[in-house]
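A short worksheet on the structure shown next.
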Amino acid sequence: MTAPTPAITPVLVRLKLSLLRNGLRQSAGRRAAYIASVAVSLLFAALQLLGLVALRGNAHAATVCVLLVGVLALGWAVMPLFFPSGDETLDPMRLVMLPLRPRPLVRALLVASLVGIGPLFTLCLAAGATVALAHGAAAAATGVLATALALLLCVALARAVAAANIRLLTSRKGRDLAVLSGLVIAVGAQAVNFGAQKLGSSGLDTLDPAAGVVRWIPPAAALGAVDSVSGGAYGTAAAQLALSAAALLALLALWQHSLTRLMTTPDGSTLAAAAPDKGTSRTSGALGALLPAGRTGTVMERSLRYVWRDPKTKAAWVTSLAIGLIVPLFNALQGTGSVYFACFAAGMLGILMYNQFGQDTSAFWMVAMTISSTRDAYVELRGRALALLLITLPYAALVTVLTTAMLGDWPALPEVLGLSFALLGAMLATGAWSSARFPYSIPQEGYKNVAPGQAGLAWISIFGGMVAAALLCAPVLALTIWLHASGASSWSWVLLPLGAAYGAVVTELGTRLAAPRLARHLPEILTAVSRG
């Protein structure tokens, strides 16, 4: 007679608790960081709970609660994509070699997933929403079921997304995606700011149509059922609960299917290596044909390939491109913006010229081997500046045209373009000098952009260079102010050619002044950028 198979759910729960406990024992710093994060999360959860309870009886309580749960569910869905290593104890790839069946494994992982700060925060929010919406014994009983459904749906959603994309998230493309999480935060912050200003001017009534749709989307539908029972709409509540339960079953089925595929399908490490891509040389030749000949073109091509292939460089570029577009356009949409906000695009991309050699990390030694004179250093800096200009110039012009079109201030287009080009030239000049004078290392792993002990260098390099760039732009800015103050605004078009010429001259002078420093101090620069 075979012995009964032991339940794996308590085993995985104990395993997770043990791993968390042992991880906290590794260092006092890690333990302090975890305790601080727990304290902040619990404080925020308590404040959120009290705020939702205070909404009880408010006419817009259902709108706020339903939308909050919907936003929370969205966060659970996208967090595995941007922080794939946030919960290493539940990585299904660590279990694929064990003799476990997918169905009991899903149940065990679901229960183990309920251990953590995120589920506790979700439980507090769902409980607060239930208290705010439940009026009567029937609604309270529905609220208990709705709270459990909302919690299980959020956790199952995160795990199903992670399991379906686990091989992507553990690959280089997945790490690229994780590094881009800063972009999502920046865009989300601007969207929240825009939405808050709209709500402040028009009130919560504008959210009612959105809430009417979200209350039928699980897990918000579960909380919508509580409000429906409070209003006597028992049939609507039953439909919303049934929809939430069906969504939970569908997510569990998707999760189980993904686990089955992970356990039975070989990954790339067990397959023969793919044949070399024969199109690589043609792509390289096509790109090289568009660039100048000699070392300048080589430096430009290398810099552009870093933008496309290196995760940290790609993240910096995409974030700068997004924020440089979002800030002027969002201000224009709010009706409070100015066409001069378009210069923000040039400023954001100009920052990318700072710490050029830190972006190379330890690979800079290969570049350093090719620099034997001031002329070599000058061509290296010029090539990097031209690669940045290849993207920045048309982008800054596009953002300026879009901002001008949204505000309808077409007469200001030439002068704003001129100011943008002058600012870009000044930042390229100070960026070249700062790269040679204050280089620092950028760690390739994790989310830090400065190696330990070099934060002071980073502050001096970036913010000191930005102040110097602002001073370099003073002549063009003074001319702009004088033209408007003297009533000669009709001549503001001259700022376009003057700003472009001024930016080009300043860039040239900056690279030439930085070249001797780069040529003389290559060993020190190599040591600085190779740390961490």
Side-chain angles (χ1 to χ4, degrees), residues 45 48-78 110 113-114 118-161 191-192 195-196 198-199 202-256:
Q48 193 86 315
L49 176 62
L50 293 175
L52 289 173
V53 172
L55 281 176
R56 184 178 176 83
N58 189 281
H60 298 289
T63 297
V64 174
C65 293
V66 166
L67 290 179
L68 272 178
V69 174
V71 172
L72 182 66
L74 179 63
W76 275 95
V78 301
L110 181 62
S113 300
L114 298 176
L120 178 60
F121 179 85
T122 303
L123 179 62
C124 291
L125 191 147
T130 297
V131 174
L133 298 178
H135 299 280
T142 304
V144 174
L145 178 60
T147 300
L149 274 176
L151 177 60
L152 292 175
L153 271 166
C154 287
V155 174
L157 177 62
R159 296 307 168 191
V161 171
V192 170
K198 286 293 183 182
L199 288 178
S202 56
L204 290 173
D205 293 331
T206 57
L207 293 179
D208 290 339
V213 176
V214 175
R215 68 188 299 129
W216 287 98
I217 302 175
L223 274 301
V226 180
D227 183 58
S228 297
V229 171
S230 297
Y234 296 104
T236 301
Q240 290 171 320
L241 287 176
L243 182 62
S244 300
L248 177 59
L249 294 176
L251 286 174
L252 293 177
L254 175 62
W255 189 4
Q256 180 179 333

What pair of heavy atoms forms the shortest contact from [X] to [Y], and how long is it?
{"X": "Val155", "Y": "Ser113", "answer": "CG1-CB, 3.2 Å"}
{"X": "Thr122", "Y": "Trp76", "answer": "OG1-NE1, 2.8 Å"}
{"X": "Ala61", "Y": "Ala132", "answer": "CB-O, 4.5 Å"}
{"X": "Leu157", "Y": "Ala77", "answer": "CD2-CB, 3.6 Å"}
{"X": "Ala222", "Y": "Ser244", "answer": "N-OG, 3.2 Å"}
{"X": "Pro119", "Y": "Leu151", "answer": "O-CD1, 3.5 Å"}

As an exercise, state the distance from [atom1] of [X] to [atom2] of [Y], rounded to the nearest 0.5 Å.
{"X": "Cys65", "Y": "Arg56", "atom1": "SG", "atom2": "CZ", "value": "11.0 Å"}
{"X": "Leu114", "Y": "Leu152", "atom1": "CG", "atom2": "CG", "value": "6.0 Å"}
{"X": "Leu74", "Y": "Leu67", "atom1": "CG", "atom2": "CG", "value": "12.0 Å"}
{"X": "Leu72", "Y": "Gln48", "atom1": "CG", "atom2": "CD", "value": "9.0 Å"}
{"X": "Leu149", "Y": "Leu243", "atom1": "CG", "atom2": "CG", "value": "10.5 Å"}

Item to check | side chain to side chain contact (heavy atoms under 4.5 Å, CB included) against Ala247, all qualifying residues, sequence neighbours excluded | outcome: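 Applying side chain to side chain contact (heavy atoms under 4.5 Å, CB included) to Ala247 gives Leu153, Pro218.
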Checklist entry - Given Trp216 and Thr236, is the side chain to side chain contact (heavy atoms under 4.5 Å, CB included) satisfied, shown in steps? => result CA-CA 10 Å; Trp216 287 98; Thr236 301; 3.6 Å; yes
Return all side-chain donor-acceptor pairs below 3.5 angstrom for residues 225-233, not counting sequence neighbours, or 'none' if the list is empty.
residue: Asp227; atom: OD2; partner: Arg215; partner atom: NH2; Å: 3.1
residue: Ser228; atom: OG; partner: Gly224; partner atom: O; Å: 3.0
residue: Ser228; atom: OG; partner: Gln240; partner atom: OE1; Å: 2.9
residue: Ser230; atom: OG; partner: Leu133; partner atom: O; Å: 2.7
residue: Ser230; atom: OG; partner: His135; partner atom: N; Å: 3.1
residue: Ser230; atom: OG; partner: Val226; partner atom: O; Å: 3.1

Item to check | All side-chain hydrogen bond (donor to acceptor under 3.5 Å, both in side chains) counterparts of Thr130, not counting sequence neighbours | outcome: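 side-chain hydrogen bond (donor to acceptor under 3.5 Å, both in side chains) check on Thr130 returns Thr147.
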